[in-house]
Number of protein chains: 2
Amino acid sequence: MQECKDCPIRHRAVCARCEGDELAQLEQIKYYRSFEAGQTVVWAGDKMDFVASVVTGIATLSQTMEDGRRQMVGLLLPSDFAGRPGRETSAYDVTAATDLVMCCFRKKPFENLMLNTPHIGQRLLEMTLDELDAAREWMLLLGRKTAREKIASLICIIARRDASLQLNAADGELRFDLPLTREAMSEYLGLTLETVSRQVSALRKEGLIRTEGKRQIVIPDFDALLEETGDDSDGGFLI
Amino acid sequence: MQECKDCPIRHRAVCARCEGDELAQLEQIKYYRSFEAGQTVVWAGDKMDFVASVVTGIATLSQTMEDGRRQMVGLLLPSDFAGRPGRETSAYDVTAATDLVMCCFRKKPFENLMLNTPHIGQRLLEMTLDELDAAREWMLLLGRKTAREKIASLICIIARRDASLQLNAADGELRFDLPLTREAMSEYLGLTLETVSRQVSALRKEGLIRTEGKRQIVIPDFDALLEETGDDSDGGFLI
DNA sequence: CATATGGATTGATCTACATCAAGGTGAATG
DNA sequence: CATTCACCTTGATGTAGATCAATCCATATG
């Protein structure tokens with residue numbers, strides 16, 4: 001089991017500012033869980049007795065309607081946080097989009113720790129406010145953007161998040177793995193997977209992106225792609 | 001100026017659990033502001049040196065794209081909270097949908113108070129988590145629901161929120177004011193106002209709702225209307 | 001009292017995306 | 001090495017909702 005100081009979650013997540021005693025306490029309630037791509041972490045409505053931070057891989061939060069329509073409502077990249085203190089059950093399906101490792105904290109002790117360690121609560125508030133902003137940006141995408149703009153936006157979001165985690169070859173080109181299936185992309189964007197496929201092809205034919213293999217994406221000119229998102233040129237950040 | 005203890009925001013908002021000293025401190029940094037329907041409280045990007053709680057009326061948070069497409073991303077009813085501690089500018093247009101009174105707290109002293117008063121931060125975290133859940137429910141609506149389901153959902157949301165504030169004649173019928181213009185509804189739902197109008201008319205013709213005057217709505221059978229939202233029958237809550 | 005004015009409604013038409021359907025591709029498996 | 005399986009692509013067609021345009025209605029205004 002890794003030391004928390006080596007754990008990627010220190011970048012953004014709850015224990016980033018902990019030291020000494022607090023860190024020791026966190027260690028005690030901490031454990032790692034691994035999932036294979038496609039596995040479900042918890043179903044909506046199921047008991048969820050932990051909160052967690054993504055270490056490696058990608059997890060998604062989704063809602064499902066009775067007739068099966070699905071909408072993704074959260075995309076968790078490394079260092080992102082999942083789970084709501086003060087709630088027994090998960091409100092969403094949590095699914096591993098890729099192979100996934102999560103750093104889990106048992107909920108009850110975590111909540112106790114929160115009471116005695118104000119900065120954990122503060123950190124959590126900051127992170128929740130960030131997530132709320134991301135959700136609102138996402139709402140604009142869902143409510144008002146065209147299919148083409150949605151695809152361009154998603155690619156930019158992933159590229160940006162990816163770039164912030166590890167520096168990519170900055171010879172103008174941006175190269176990275178698109179870790180979502182067409183179906184997952186369609187659930188993110190409120191489209192069908194056919195429309196996703198068509199629009200990705202369209203961007204490829206126009207030279208705005210290249211695809212190498214099935215999942216690797218190359219963006220020759222990031223700003224050109226940004227133009228297609230519909231966002232303000234200097235626009236903030238999503239997710 | 002009202003006493004905080006008489007202020008509607010005590011129901012849900014930040015000062016709900018304050019007493020003695022804290023309340024006195026809150027009083028000192030508190031002031032009220034009134035707006036007429038249609039007025040803008042702040043524009044996205046503008047300096048916002050306060051946080052606030054809605055006392056009476058309705059405020060909206062919206063995002064605008066360069067070409068004018070608009071999406072509402074927040075609907076603030078009495079007792080709801082606006083503003084992000086730790087941020088200088090507003091990320092959204094804040095607009096008075098009806099005549100509006102807000103209870104404002106100057107930001108800097110509010111943040112200081114937060115540092116010394118853990119339960120304010122805790123309360124804020126709870127509220128932010130609730131808002132995040134609401135935003136995610138809203139994402140499902142925007143991404144996957146039909147126009148008809150969107151309208152039914154919005155009417156149910158307002159009815160529910162309204163009912164929780166003051167008890168309505170519970171003789172089966174639910175009667176309340178729909179405080180949004182067709183345009184505001186369309187911005188909430190990611191539709192055009194024409195589509196909103198058509199779908200409201202459709203629900204009326206089918207007897208699922210009645211309209212009295214321009215804004216008053218009567219729901220003869222709430223459960224019947226709920227059926228049209230696409231949500232699980234026991235479904236939670238929005239906004 | 002005539003007349004703006006700011007919603008709201010309703011109709012006709014268009015189109016972006018969904019739906020239905022048929023292959024294609026590449027890694028995994030016996 | 002053939003076969004399967006999961007995923008992706010592309011085509012043909014359908015449709016929900018957008019767009020464009022006219023009219024209505026209630027309140028406000030000189």
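Residue numbers start from 1 in every chain, and the chains themselves are labelled A, B, ... in the order their sequence lines are given, proteins ahead of strands.
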Handout entry: Interface with DNA chain D, restricted to residues 200-209 of chain B and to heavy atoms under 4.0 Å
Key = none
Practice task
Pick base, sugar-phosphate or nothing for A:Thr181, based on heavy-atom distances below 4.0 Å to the nucleic acid.
Solution key: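 If one applies the 4.0 Å heavy-atom cut-off, A:Thr181 turns out to touch the sugar-phosphate alone, with no base involved.
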Mind checking side-chain hydrogen bond (donor to acceptor under 3.5 Å, both in side chains) for [X] and listing every partner two or more places apart, or none if nothing turns up?
X: A:Asp67; answer: A:Arg69
X: A:Thr64; answer: A:Arg70, A:Asp93
X: B:Arg144; answer: none
X: B:Gln216; answer: B:Asp177

Problem - For B:Ala91, side chain to side chain contact (heavy atoms under 4.5 Å, CB included) partners two or more places apart - result: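 Applying side chain to side chain contact (heavy atoms under 4.5 Å, CB included) to B:Ala91 gives B:Arg87.
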Exercise for the section: Can you check each nucleotide of nucleotides 15-28 of chain C against protein heavy atoms at under 4.0 Å and return B for base, S for sugar-phosphate only, - for none, in 5' to 3' order? Expected result: --SSBB--------
Handout entry: Bounds of contact between DNA chain D and chain B, in 5' to 3' order, using a heavy-atom cut-off under 4.0 Å
Key = D:dG17 to D:dC20
Exercise for the section: Go through the structure and list residues passing salt bridge (Lys or Arg N to Asp or Glu O under 4.0 Å) with B:Arg210, not counting sequence neighbours. Expected result: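 Partners of B:Arg210 under the salt bridge (Lys or Arg N to Asp or Glu O under 4.0 Å) test: B:Glu173, B:Glu212.
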Exercise for the section: Check salt bridge (Lys or Arg N to Asp or Glu O under 4.0 Å) between A:Arg148 and all other residues, then give those that pass, not counting sequence neighbours. Expected result: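 Salt bridge (Lys or Arg N to Asp or Glu O under 4.0 Å) list for A:Arg148, sorted by chain: A:Glu206, A:Glu228.
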Atom pairs and distances, side-chain donor-acceptor, residues 37-46 of chain A, under 3.5 Å, sequence neighbours left out:
unit_1: A:Gln39; atom_1: OE1; unit_2: A:Glu36; atom_2: N; d: 2.7

Throw together a table of side-chain donor-acceptor distances under 3.5 angstrom for residues 194-203 of chain A, partners on residues two or more places apart or in other chains.
unit_1: A:Thr195; atom_1: OG1; unit_2: A:Thr192; atom_2: OG1; d: 3.0
unit_1: A:Ser201; atom_1: OG; unit_2: A:Ser197; atom_2: O; d: 3.0
unit_1: A:Ser201; atom_1: OG; unit_2: A:Arg204; atom_2: NH2; d: 3.4

Handout entry: Lys/Arg cation over aromatic A:Tyr92: B:Arg136, 6.0 Å, 45° cone
Key =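 The answer is yes, since B:Arg136 meets both limits relative to A:Tyr92.
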